[in-house]
Number of protein chains: 2
Amino acid sequence: MAASTLTEVARLAGVSPATASRVLNGSARKPGKDIADRVRQAAESLGYVPNAQAQGLAKSSSGLIGLIVHDIADPYFAAIARGVQEAAREQRKMVLLATTGGGPAEEREAVAAFAARRADSIVIAGSRSCREEDHDGNTALAAELDRYCRNGGQVAVVGHPVVGATAPEGYHVLRVPNRELADRLATELAGSWDGDFVIVGGPEGLLTSDDRVNGFQEGLARAGRRPAEVLRSAFNRSGGYEAGLELAARIKAGRSAEGAADPKLCIFAVNDVMAIGAAAALRSEGLRIPRDAAIAGFDDIETLRDFRPALSTVRLPLEDIGRLATRATGRGPAAGDAAEDAAPAGIAGEVTLRRSTETAA
Amino acid sequence: MAASTLTEVARLAGVSPATASRVLNGSARKPGKDIADRVRQAAESLGYVPNAQAQGLAKSSSGLIGLIVHDIADPYFAAIARGVQEAAREQRKMVLLATTGGGPAEEREAVAAFAARRADSIVIAGSRSCREEDHDGNTALAAELDRYCRNGGQVAVVGHPVVGATAPEGYHVLRVPNRELADRLATELAGSWDGDFVIVGGPEGLLTSDDRVNGFQEGLARAGRRPAEVLRSAFNRSGGYEAGLELAARIKAGRSAEGAADPKLCIFAVNDVMAIGAAAALRSEGLRIPRDAAIAGFDDIETLRDFRPALSTVRLPLEDIGRLATRATGRGPAAGDAAEDAAPAGIAGEVTLRRSTETAA
DNA sequence: GCTAATTGGGAAAGCGCATTCCCACTGCTT
DNA sequence: AAGCAGTGGGAATGCGCTTTCCCAATTAGC
C-alpha cells in the first residue's frame, strides 16, 4: 500500500526532507516556528502517514516484539500474551504473533521470520522439550537464536533455556519455579490426603512437565509418602481426558474389588487444562470430585474461576510472566539483569487448595 | 539489530546484488547454475538473513496483517485470533496484534500504527458502538480507515461496519447473523420454557449486544410471549455477575412472596462470559441452575465445554470468522466479494440447548 | 559464415526515511 | 567594522533491497 511521503510534505511546505523530519519527529536541531507550522500543516493536509518500514531501515530499529506461543486460544498462552502486550505498549512497540504447534522446528521458523523483520526482541513462551525426536529442531532453534542474538537481538525464554542454546549476550531466561511449587503442592496435599497419589504428566522430556512431576514426587517423598505413579499423556486437555478415562476405570475396578473403605486417589495433573480434561473424563464415567477422587492442576488459568468443583492448583502470575519477559528484553543488559535477578522474587507462585481436593472431614 | 546484507552476499559470490536477489528470491530471469551455487553458498556462509523491512520498502508490500481485539485473553477473541493466524499462515503473512480496551479511539490508534507499518490488511474483531460517548472516536476511526483503504489497504470488520465508515474500495464487512440467531434461540426456549424471560445485555449502543437483545425479543414476540425485561451491564463476565446478583435477589424475593408455584426465570445473557458471570452470581447466592433459574448465553466459546451445568448457547464458528475475515482481505476485490457473498452461508451459527435451560418434565 | 533472436549479468534508479556535515546568517564582543 | 560563536536549513549519503533497462555473449536459423 502507498501513502503520502515525507518528501511530499517537505515539498509542499517548501523545506527540505531533513527539516520536515526534524519537525515531525523531533531533533536536537529545532526548526523555526514558521517553518514548523508550515510542515505540520502540509502533513495534515496531505494526510501524511509515516512509513515505519523506512524509519526502521534508516534507524536500524523496528519497534517490533516477536511472541511465540503454542496456541493463542489456550488460556495459559493468552494470559501471557496479554502481559506481553501490556509491556510492549509501555515500550511503544508492537507485538508480532507467531502460533506454533509446539515443536522447536516450527519455533525456529518463527524466529527466522522475526529476524527477517528485524524484531527488536523475541519472547518464547512455550515449554522446552529435550525429547529425542526434537533434537534436530532444538539444534536448529538454538543456532537461529544464537545468530539472532549475535546480530543484536534480545530474547527472553519463559521457563527453561532452549536446549543447546549458548546463552549469548542478549539471551535471557525467565525461570519459573515449577519444581519447587509442585513440591509444595504435594507437601500440602500429603498433609490432608490419606489416599494414593497419581500424576498425569505430559510427554517425558517436556521440561515443564518433568519439573512439575519431579517436584511433586519430591514433596511426596519428604512427606514420607511413596512415589506416585506417573501416567504420560499429551500436554493438553485431551491428554488429560485420556488419562482420566484410564484412572476412572481403575477407580471403578478398585472400588468393586475392595469396597468403600479403599482410600481414594488424588490426581495431580501437571497443568490446569489437563486437570480439566481428567475431571471431565471422571465425570463422564459417573465419578464425582472430590467424592470419588481428588484432582489438582497447575497454572491457575483465568477460566478456572468458573470451573466446578473449584480446582486446587498452583497459581502462576501468567500475565506478570509475559510482562517481565518482555521487559527483560526491553532495555539492554541492565534490564536483562534486573529481570533475571528479580526472577526468584518476581515469579512467585502459590499453592491454592480448593474444593477439588477437599477431604470429607 | 544488524545482520549480513544481500550486498555482502553478492560481493562474496562475485556477482551483482541484482543477481544475488534473483538467486535467493526467484525471478523471471534465471541466473546460471554456477552463479546460483556460488550465491547460495555465500549466503549460507555469511548467515544471511533477509531484511523484510527493506524488502517491504522495495516491493511496497509488508506481508503484515493487523489484528485488533479488545482482550486477547477473552476466549471469544482468542478463538478469532487463532483463525486469523491460520489464514495468515496460508498467505505467508505475519499477524501484528493490537489489544485495545474496546473503544473506537483506541482502535483508531491501532489502525494508524498498522498503517505506518504498511500492513497489507487489517482485521477488526471487536463490537461496534454507536453510543454518544464514542461518537468522536467513531468519526476518527472511520476517517483513519478511509485513508487506509484509499492508500490501498484492505480492511475486514467482524459483525458491523464501523460507524460512519464510507465503505471504500477494500473495505469488507463480515456479517454475523446475531439477530437471527438470537431470535431463533428465543423461539426454541419459548417452546419449552413456561416462565418469564429476562435479558442481560451489554451497554445500549453496543451493536452486537443490541442485535442479540432485539433478536431475542423478536423471537419471544413471534412465540406469543411478552417482551423480556432487559438489564444493561458491562459486556464482560463481571457485568454478567452484577446483573446476576440483582436477578438472584429478585428470584429470592419473588420466591418468598409467592411460594414455589411461581414460574421460574430464564435468563438470556448476550454473550457466554456474561452468562458465566450471571451463573456464578446465582450460585454465590445459593441458587441452582436450572432448578431455580435457567441461563443461556451466546458464542459457544471453547472453554464453555467444561462449564457446568452445560450452558445453552448459540454456537458461532469463531475460528471460521477469523479465517474468513482474513481471507476477505487477502487477494483483492474478488476475494472480498467471495467472502461477503459467502457470509450468509459461511457464517452460520446454531442454537444449542443444553442442561442450563432444561425444564423438569 | 552471417544475421537475428534470446538469454543472462550488471549498472542504475528508487522505495521513504534519518542523520551528518557544510554553509549561511545573525548576534555579540572587541 | 571585523571576527567569532551559535543556530538553523539544505544537500548529500546511506540504510537493504527490488526491478528495469542496457549491453554483451551465445545460440539458432538460414
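Given the structure is predicted, the values throughout are model-derived calculations rather than measurements. By convention in this document, chain letters (A, B, ...) are assigned in the order of the sequence lines, proteins followed by strands, and residues within each chain are numbered from 1.
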- Message: Classify A:Leu6 by what it touches in the nucleic acid, base, sugar-phosphate, or nothing, heavy-atom distance under 4.0 Å.
- Response: sugar-phosphate
- Message: Applying salt bridge (Lys or Arg N to Asp or Glu O under 4.0 Å), can you list everything that pairs with B:Arg118, at least two apart in sequence or on another chain?
- Response: none
- Pairs where residues 33-73 of chain A contributes a residue and the test ring-ring contact (aromatic ring centres under 6.0 Å, His included) is met, not counting sequence neighbours: A:His70-A:Phe77
- Taking all non-hydrogen atoms of both residues, which atom of A:Ala325 and which atom of A:Leu174 are closest, and how far apart? N-CD2, 3.8 Å
- Query: More than 12 foreign heavy atoms under 6.0 Å from CD of B:Gln41: is that the case here?
  - Reply: no
- Contact list for residues 24-34 of chain A, test side chain to side chain donor-acceptor pair (under 3.5 Å), sequence neighbours left out: A:Ser21-A:Asn25, A:Lys33-A:Asp37
- For B:Pro50, which contact category applies under a 4.0 Å heavy-atom criterion: base, sugar-phosphate, or nothing? sugar-phosphate
- Applying side-chain hydrogen bond (donor to acceptor under 3.5 Å, both in side chains), name anything that partners A:Asp136, two or more places apart in sequence or on another chain. none
- Are a donor atom and an acceptor atom from the side chains of A:Gln85 and B:Thr99 found within less than 3.5 Å of each other? yes
- What nucleic acid atoms does B:Thr5 come within less than 4.0 Å of, heavy atoms only: base, sugar-phosphate, or nothing? sugar-phosphate
- Note on the structure: Whichever of A:Ala18 and A:Ala3 has the more 5' nearest nucleotide on DNA chain C, that residue is A:Ala3
- Using the C1' atoms of five pairs at each end, what's the angle between the two axes of the helix from C:dG1-D:dC30 to C:dT30-D:dA1, to 10 degrees? 50°
- Query: Of all of residues 24-42 of chain B, which get a heavy atom below 4.0 angstrom from DNA chain D, listed by number?
  - Reply: B:Asn25, B:Arg29
- Query: Taking only residues two or more places apart in sequence or in another chain, which ones pass salt bridge (Lys or Arg N to Asp or Glu O under 4.0 Å) with A:Arg38?
  - Reply: none
- For residues 100-125 of chain B, the ring-ring contact (aromatic ring centres under 6.0 Å, His included) pairs (sequence neighbours left out) are none
- What are the bounds, 5' to 3', of the part of DNA chain C that sits under 4.0 Å from heavy atoms of chain B? C:dG8 to C:dG16
- Residue list, salt bridge (Lys or Arg N to Asp or Glu O under 4.0 Å) with A:Glu109, at least two apart or on another chain: none
- Contact summary for A:Ala79 and A:Leu318, nearest pair of heavy atoms: CB-CB, 3.7 Å
- Query: On DNA chain D, which is the earliest and which the latest nucleotide, 5' to 3', with an atom closer than 4.0 Å to a heavy atom of chain A?
  - Reply: D:dG8 to D:dG16
- Residues B:Glu106 and A:Arg89 bridged, charged N to O under 4.0 Å: yes
- Item | Partners passing side-chain hydrogen bond (donor to acceptor under 3.5 Å, both in side chains) against B:Ser60 (at least two apart in sequence or in another chain) | none
